[in-house]
Amino acid sequence: MKPILVIGAQGMLGRDLLPLLQSSFIEREVVGWDIEEIDIREEKSTRSKIETLNPETVIHIAAYTDVDGCEKNREEAFRVNAEGMKHVVMGAKACGARVVYLSTDYIFDGKKKEPYLETDLPNPLNVYGQTKLKGEEYLQQGIDDHLIIRTQWLYGRHGKNFVASILRQAREKRVLTIVDDQTGSPTYTVDLSRAMVTLLQHNSRGIFHVTNQDACTWYGFGQAILNFAQIEGVHLTPISSEAFGRPAARPFYSVLNTQRVRQETGMSLRRWSDALRDYLSTGP
Ligand SMILES: NC(=O)c1ccc[n+]([C@@H]2O[C@H](COP(=O)([O-])OP(=O)(O)OC[C@H]3O[C@@H](n4cnc5c(N)ncnc54)[C@H](OP(=O)(O)O)[C@@H]3O)[C@@H](O)[C@H]2O)c1
């Protein structure tokens with residue numbers, strides 16, 4: 001049987017996803033590559049490495065994910081996130097593989113007042129969003145058998161993320177300033193990985209929005225982290241995005257409507273607060 005290939009296997013999501021794929025698809029070999037094994041910026045080697053492995057499915061979750069870094073290094077962001085996708089598509093196409101791609105809420109401008117549907121028109125506000133949208137387009141143009149999963153505000157055990165950052169800052173400072181005018185759905189990488197496996201088992205195609213349920217602002221997320229982790233004596237101060245002054249603009253409201261994945265698979269992810277409580281109770 002042809003293997004399943006994960007590109008970006010050493011990232012935050014990859015390190016939760018890989019073991020779950022291995023235990024869910026025991027009949028197949030699951031191969032995890034990261035930049036050491038395949039640099040997706042390189043067209044020739046990316047193509048030939050994928051062709052040689054000849055996978056049944058390529059799960060492409062490698063990316064330049066530093067949103068502010070992308071703003072400052074625009075060219076590199078396009079090289080990795082857009083051109084990289086193109087190279088993966090070429091390799092996958094040559095061996096008839098299905099491709100799964102992880103995309104983001106940052107393809108939307110956040111001006112909508114209710115959760116975004118898969119069919120809503122993208123309009124990214126920042127370079128990262130532009131590059132990820134280009135990636136979606138290259139995949140849609142190149143391979144019919146594709147699955148695009150848009151998610152947001154990821155945290156997990158194996159990477160830099162908001163939860164880890166708040167816990168670290170709370171050890172160092174008594175007052176933390178957190179943005180209070182961006183709303184989204186914090187999503188636990190373990191829950192997202194389970195949803196990805198379910199979509200693969202259903203042979204789902206097209207675009208799906210997948211996040212934990214309910215929404216909050218970063219400030220609300222921060223309050224929940226301190227509360228569930230039982231950290232006292234740290235004061236949170238809400239601040240506007242403008243005053244916070246990050247290089248990349250972010251959407252004010254980018255909650256994703258997850259009805260399609262529910263209809264397709266019957267699966268509903270738990271509320272973000274339940275997932276966070278679970279994550280913190282088992283020691284982040
Ligand atoms: N994190 C979020 O909140 C979020 C939200 C929405 C969507 N997503 C998407 O979800 C996916 C997984 O995100 P994540 O948070 O797990 O990302 P991550 O932790 O940054 O992992 C991405 C992996 O890709 C690798 N990589 C970077 N450039 C590469 C290249 N040229 N060739 C091969 N590999 C390369 C990285 O290696 P290095 O670490 O050595 O650079 C890293 O191991 C990404 O596609 C991301 O765009 C993430």
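When a ligand or atom number is given, it counts from 1 through the structure's own listing order. Numbers for residues simply follow the sequence, beginning at 1.
- Ranking the protein heavy atoms by distance from atom 31 (N) of ligand 1 puts Asp39 OD1, 2.9 Å first.
- Ligand-side atoms of ligand 1 in range of Arg41: 31 (N), range being under 4.0 angstrom from any heavy atom.
- The ligand atoms of ligand 1 that sit less than 4.0 angstrom from a heavy atom of Gly11 are 16 (O), 19 (O), 21 (O), 43 (O).
- Considering CD of Gln22 and CG of Leu17, their distance stands at 9.5 Å, rounded to 0.5 Å.
- Looking from atom 45 (O) of ligand 1 to the surrounding protein, the closest heavy atom is Lys132 NZ, 2.8 Å.
- The ligand atoms of ligand 1 that sit less than 4.0 angstrom from a heavy atom of Gln10 are 43 (O).
- Gln182 and Ser241 make their closest contact through NE2-OG, 3.0 Å (heavy atoms, listed as atom of the first residue, atom of the second, distance).
- Defined by atom type and a distance below 3.5 Å, a donor-acceptor pair is missing between the side-chain atoms of Asp278 and Tyr188.
- Considering both main-chain and side-chain atoms, Gly8 never comes within under 3.5 Å of ligand 1 through any nitrogen or oxygen pair.
- Where the criterion is an N or O separation shorter than 3.5 Å, residue side chain and backbone included, Tyr128 meets it with respect to ligand 1.
- A salt bridge links Arg250 with Asp68: the closest approach of a Lys/Arg side-chain nitrogen to an acidic carboxylate oxygen falls below 4.0 angstrom.
- Protein heavy atoms all stay at least 4.0 Å away from atom 41 (O) of ligand 1.
- Note: an N/O pair closer than 3.5 Å links Ile40 and ligand 1 by distance alone.
- Within the 4.5 Å cutoff, the side chain of Phe78 has heavy atoms near those of the Val127 side chain.
- Remark: atom 38 (P) of ligand 1 lies closer than 4.0 Å to no protein heavy atom.
- Between Lys134 and Glu83 no salt bridge is recorded (no basic side-chain N to carboxylate O distance below 4.0 Å).
- Counting only heavy atoms from C-beta outward, the side chains of Asp109 and Tyr116 approach each other to under 4.5 Å.
- Given atom 29 (C) of ligand 1, the protein heavy atom at minimum distance is Ile35 CD1, 3.6 Å.
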Which atom pairs, one a donor and one an acceptor, fall under 3.5 Å between side chains of residues 191-198 and the rest of the protein, sequence neighbours left out?
| residue | atom | partner | partner atom | Å |
| --- | --- | --- | --- | --- |
| Asp191 | OD1 | Arg270 | NH2 | 3.0 |
| Asp191 | OD2 | Asn212 | ND2 | 2.9 |
| Asp191 | OD2 | Arg270 | NE | 2.8 |
| Ser193 | OG | Thr189 | O | 2.7 |
| Thr198 | OG1 | Arg194 | O | 3.0 |

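- Considering backbone and side-chain atoms together, Thr65 places an N or O closer than 3.5 Å to an N or O of ligand 1.
- There is no side-chain donor-acceptor pair under 3.5 Å between Arg150 and Ser103.
- Closest approach of Ala243 and Ser240 over heavy atoms only: N-OG, 3.0 Å.
- Heavy-atom proximity to Ala62, at under 4.0 Å, picks out these atoms of ligand 1: 24 (O), 34 (N), 35 (C).
- For the pair Arg205 and Asp145, the salt-bridge criterion is met [side-chain N within less than 4.0 Å of a carboxylate O].
- In terms of heavy-atom proximity, Pro247 sits nearest to Glu71 at O-CG, 3.6 Å.
- For Glu232, the CD atom counts as loosely surrounded, since its 6.0 Å shell holds 12 or fewer non-hydrogen atoms of other residues, nucleotides or ligands.
- For the pairing with Trp153, the ring-ring contact (aromatic ring centres under 6.0 Å, His included) check across Tyr106, Trp272, Trp218 returns one residue only, Trp218.
- Close contacts of ligand 1 with Ala63, meaning ligand atoms under 4.0 Å from a residue heavy atom, involve 22 (C), 24 (O), 27 (C), 44 (C), 45 (O), 47 (O).
- Among protein heavy atoms, the minimum distance from atom 12 (C) of ligand 1 is reached at Ile61 O, 3.4 Å.
- Taking only nitrogen or oxygen atoms, main chain and side chain alike, Asp34 reaches within less than 3.5 Å of ligand 1.
- Ligand 1 lies nowhere less than 4.0 angstrom from a heavy atom belonging to Trp33.
- Note: no N/O pair closer than 3.5 Å links Val80 and ligand 1 by distance alone.
- Of all the heavy atoms of Lys160, none lies under 4.0 Å from any atom of ligand 1, so neither backbone nor side chain is involved.
- Counting protein heavy atoms only, atom 10 (O) of ligand 1 is closest to Leu102 CB, 3.6 Å.
- Remark: minimum distance from atom 6 (C) of ligand 1 to any protein heavy atom is reached at Thr151 O, 3.3 Å.
- Put simply, part of Ser103 is less than 4.0 Å from ligand 1, judged by heavy atoms.
- Scanning the protein heavy atoms around atom 48 (C) of ligand 1, the nearest turns out to be Leu154 CD1, 3.7 Å.
- At a 3.5 angstrom cut-off on N or O pairs, Thr104 does not count as close to ligand 1.
- Contacts with ligand 1 closer than 4.0 Å are made by backbone heavy atoms (N, CA, C, O) of Ile38 only, the side chain lying farther away.
- Contact annotation for atom 34 (N) of ligand 1: protein present (non-hydrogen atoms, distance under 4.0 Å).
- Between Asp34 and Gln10, the side chains place no donor N or O within less than 3.5 Å of an acceptor N or O (distance only, hydrogens not considered).
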Report task. Check the pair Thr57, Ile59 against side-chain contact (heavy atoms from CB on, under 4.5 Å), reporting the backbone distance first and the verdict last. Result -> CA-CA 6 Å; Thr57 300; Ile59 302 175; 4.0 Å; yes
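- Ranking the protein heavy atoms by distance from atom 19 (O) of ligand 1 puts Met12 N, 2.9 Å first.
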